[in-house]
Protein chains: 2
Amino acid sequence: MIPTMRQLEALVLVYRHGSLTKAAAEMRVTQSAVSLLIRQIEENFQLRLFDRTTRALRPTLACKDAIPIAERILAGANGLARHMSDLVEVKAGRTTIAVSAGVASALLPRVLARYRADYPDVRVEIFDVAPDDLLPFVTAGDAELGIGSVENADTPDVKIETITHSSLSAIGIKDGRFEKASRLTWDSLEKCNLIAMRRGTRIRSQIDDALARTGRQLKPNLEVSLITTALALTAEGAGISILPAHMLPVAQFPTLAAVPLSRPAIIRHVSLVSRADFVLSPAAQRFVETTRQLLSVRRAADRRGDVSAHSSPKKTRPRIQ
Amino acid sequence: MIPTMRQLEALVLVYRHGSLTKAAAEMRVTQSAVSLLIRQIEENFQLRLFDRTTRALRPTLACKDAIPIAERILAGANGLARHMSDLVEVKAGRTTIAVSAGVASALLPRVLARYRADYPDVRVEIFDVAPDDLLPFVTAGDAELGIGSVENADTPDVKIETITHSSLSAIGIKDGRFEKASRLTWDSLEKCNLIAMRRGTRIRSQIDDALARTGRQLKPNLEVSLITTALALTAEGAGISILPAHMLPVAQFPTLAAVPLSRPAIIRHVSLVSRADFVLSPAAQRFVETTRQLLSVRRAADRRGDVSAHSSPKKTRPRIQ
DNA sequence: ATCATTTCATAAGGTAAACTCATGATCCCG
DNA sequence: CGGGATCATGAGTTTACCTTATGAAATGAT
């Protein structure tokens, strides 16, 4: 039968101190307990490990054989405990995160920069995927966490938490007048040069659907595949981009401003997605927290109703997340 | 806090089987117990190790980190148990044995040959020492066991067990007449060429003392330091050697015979010596047994009175030897 | 030498841990 | 949709672990 950890601790400490009493002090138990532990391990092995003379303990040859092995075992156990604790304290670990292309260019850089600063020891693997691939990536378990817009939140096997949402906006060059407007209507853009995402992209489909419901139609002068392209074109004066406001990375395009569009107002949600049956690793949990922080916690708190599922179903016992 | 062995066993087995029930079967406990063990280790680490879906258990990243470490720990514990069991079964181990020169040449080779055949995996270290160094060697702890003649058995810190004893004998060439004599008297050797050990050796002192007490005196023609020298000289016809009978290794000197000397009969004991406060290792215990066997167990049983100390003083509990 | 002190051994007893049993909840498969 | 399989959980019991109290032996100081 294999010895218990406690027996090995006693063995090693008694060997080191040459004394039950001192070993007991270090183990925070009575001397009797240590005496018992040593006897247990001896009876288990059917082998004398210490020759006793009521006063001194002298390790036998067998004991000397056992000590290095016992020390390795204990070191392993301590290493395991330390590593697990490192994972909890996010001083180690790894996580994989899938982000849709838009989020990858607009939101992710800020979040990731902050996260890396806070938790430099975590290896983060980013998959920047097409919006339609986001959910499959998470459900397949290839990514622990997904960030992006998700259409149908009706799948029971994923948790979806909306972390931010923004109106479809007109993005144009700050000219002292454009950025002053608090809102613009779709109709007021009739005569502008418009830059929109190409047909078939998520954003574009959402725009087309919403406008169609009000009998309108978007007639862009330019259609692009990448958000960054649209923004770059706008910055160069090629026209006004139609994008969710949060897609504008201010740091990258300081000359641009976003103004929400109304009539109809089109809201776009950005959500965190994870499998309902997985518990997020500490590293991923912190990623979520970092993301929420950067998106101002206040707003998220107000719209708790947007959250589709984010509380543990079991409540009988404090769960380990 | 470090995990217990039982928790690690559960962790590894659940990981391997992907099932509490199967792990429980292998651990010979109920499924509930395993469920509990896993929960304990999770609460201890504050970390999810398995994502549960009432039916399946899916290891988390942290679990995958932990498994190889846990396996190493368990392998170490098993290795330790196996090694200890090997020591008990004398399939491993080592022992150091001090023998006085006479024993080393006459008795030891037979015993050692048998011992090596029975326990080939034990490393035996032999110290062939001067007779006076035998006891110090054992008391100092440099040898676990001593074999030889010991003068004063009055020291309380060593156990001395006489394993054989033989009369001082005349050793001469078999000539069809010499070896037929069942005894010879010292007086009958008056006119023979005698070969004796040099003055100052243990054997010589014992002879001189005993003869002096009967008013006799040994007058050897040759005095030598080594027993083998005496025997070789006798074999070459240089005279009759005066030695304990057991000092004649028959295999080495087939032409020689030993005839006990009487009037006075001088008895020489050969004893096993070990420290009273040490318990012999299994390897050394077997060495003692082998020695006893080869010296015919019957004789030893008859003279149990010769044994000065060979039972454990404590008897409240079955002791581990 | 003698006695106080230190140290280990051991027995008894209580508390906490571990395990089992019984049962409930959920999922998978026919 | 029901039966079987699997995990979770609560109650209850058994086990084992630890402490307390005490004894025995040896050391060391007076």
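The sequence lines fix the lettering, A, B, ..., with proteins before strands; numbering per chain opens at 1.
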To the nearest angstrom, how far is [X] atom [atom1] from [N] atom [atom2]?
| X | N | atom1 | atom2 | answer |
| --- | --- | --- | --- | --- |
| A/Lys22 | C/dT7 | NZ | P | 7 Å |
| B/Asp51 | C/dT26 | CG | P | 18 Å |
| A/Asp277 | D/dC7 | CG | C1' | 15 Å |
| A/Arg58 | C/dC8 | CZ | C1' | 17 Å |
| B/Leu57 | D/dA5 | CG | C1' | 13 Å |
| B/Glu42 | D/dT9 | CD | C1' | 15 Å |
| B/Phe50 | D/dA8 | CZ | P | 11 Å |

Could you work out how much the helix from C/dA1-D/dT30 to C/dG30-D/dC1 bends, comparing the axis of its first five pairs with that of its last five, to 10°? 30°
Can you see if the side chain of A/Ser35 gets near the phosphate of C/dT10 - specifically, an N or O under 4.0 Å from OP1 or OP2?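 Checking C/dT10 against A/Ser35, no side-chain N or O comes under 4.0 Å of OP1 or OP2.
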N or O in side chain of B/Arg52 less than 4.0 angstrom from D/dA8 OP1/OP2: yes
Could you list all N or O pairs between the protein and nucleotides 15-19 of chain C that sit under 3.5 Å apart?
{"from": "C/dA18", "atom 1": "OP2", "to": "B/Gln40", "atom 2": "NE2", "distance (Å)": "3.1"}
{"from": "C/dC19", "atom 1": "OP1", "to": "B/Arg6", "atom 2": "NE", "distance (Å)": "2.7"}

Can you find a side-chain donor-acceptor pair between A/Ser271 and A/Glu161 that sits under 3.5 Å?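 A/Ser271 vs A/Glu161: no donor-acceptor pair found between side chains.
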Does a side chain donor of either A/Thr96 or A/Glu144 reach within less than 3.5 Å of an acceptor in the other side chain?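 Looking only at side-chain atoms, A/Glu144 and A/Thr96 do not form any donor-acceptor pair under 3.5 Å.
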Pick base, sugar-phosphate or nothing for B/Ser32, based on heavy-atom distances below 4.0 Å to the nucleic acid. base
Gap separating the CG atom of B/Leu87 from the CD atom of A/Gln46, nearest 0.5 angstrom: 13.0 Å
Search all heavy atoms of A/Arg275 against all heavy atoms of A/Thr139 and return the closest pair with its distance. NH1-O, 2.9 Å
Quick check: closest heavy atoms across A/Leu134 and A/Ser100, and the distance to 0.1 Å?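 Smallest heavy-atom distance, with atoms named: CD1-N, 3.9 Å.
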Angle class for the B/His165/B/His269 ring planes (parallel below 30°, perpendicular above 60°, tilted otherwise)?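 Aromatic pair B/His165/B/His269 classed parallel.
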Any ion pair linking A/Arg94 and B/Asp65 (charged N to carboxylate O, less than 4.0 Å)? yes
Output one line per pair: protein atom, nucleotide atom from nucleotides 27-30 of chain C, and distance, for all N/O pairs under 3.5 Å.
{"from": "C/dC27", "atom 1": "O2", "to": "B/Arg55", "atom 2": "NH1", "distance (Å)": "3.4"}
{"from": "C/dC28", "atom 1": "O4'", "to": "B/Arg55", "atom 2": "NE", "distance (Å)": "3.3"}

List for me each residue that meets side chain to side chain contact (heavy atoms under 4.5 Å, CB included) alongside B/Leu74, sequence neighbours excluded, and say none if there are none.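 Listed in chain order: A/Ile2, B/Met5, B/Leu8, B/Glu9, B/Val12.
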Closest-nucleotide ordering on DNA chain D, the 5'-leading residue of A/Gln31 and B/Leu20: B/Leu20
Any pair with a residue in residues 127-142 of chain A that passes salt bridge (Lys or Arg N to Asp or Glu O under 4.0 Å), sequence neighbours left out, goes on the list, sorted by first then second residue, please.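 Pairs touching residues 127-142 of chain A that pass the test: A/Asp132-A/Arg202.
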Can you list every salt bridge (Lys or Arg N to Asp or Glu O under 4.0 Å) pair that touches residues 15-35 of chain A, not counting sequence neighbours?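 Non-adjacent pairs meeting salt bridge (Lys or Arg N to Asp or Glu O under 4.0 Å): A/Arg16-A/Glu71.
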May I ask you to decide if B/Phe50's main-chain N or O and B/Glu42's side chain share a donor-acceptor pair within less than 3.5 Å?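 Yes, because the side chain of B/Glu42 sits within donor-acceptor range (under 3.5 Å) of the backbone of B/Phe50.
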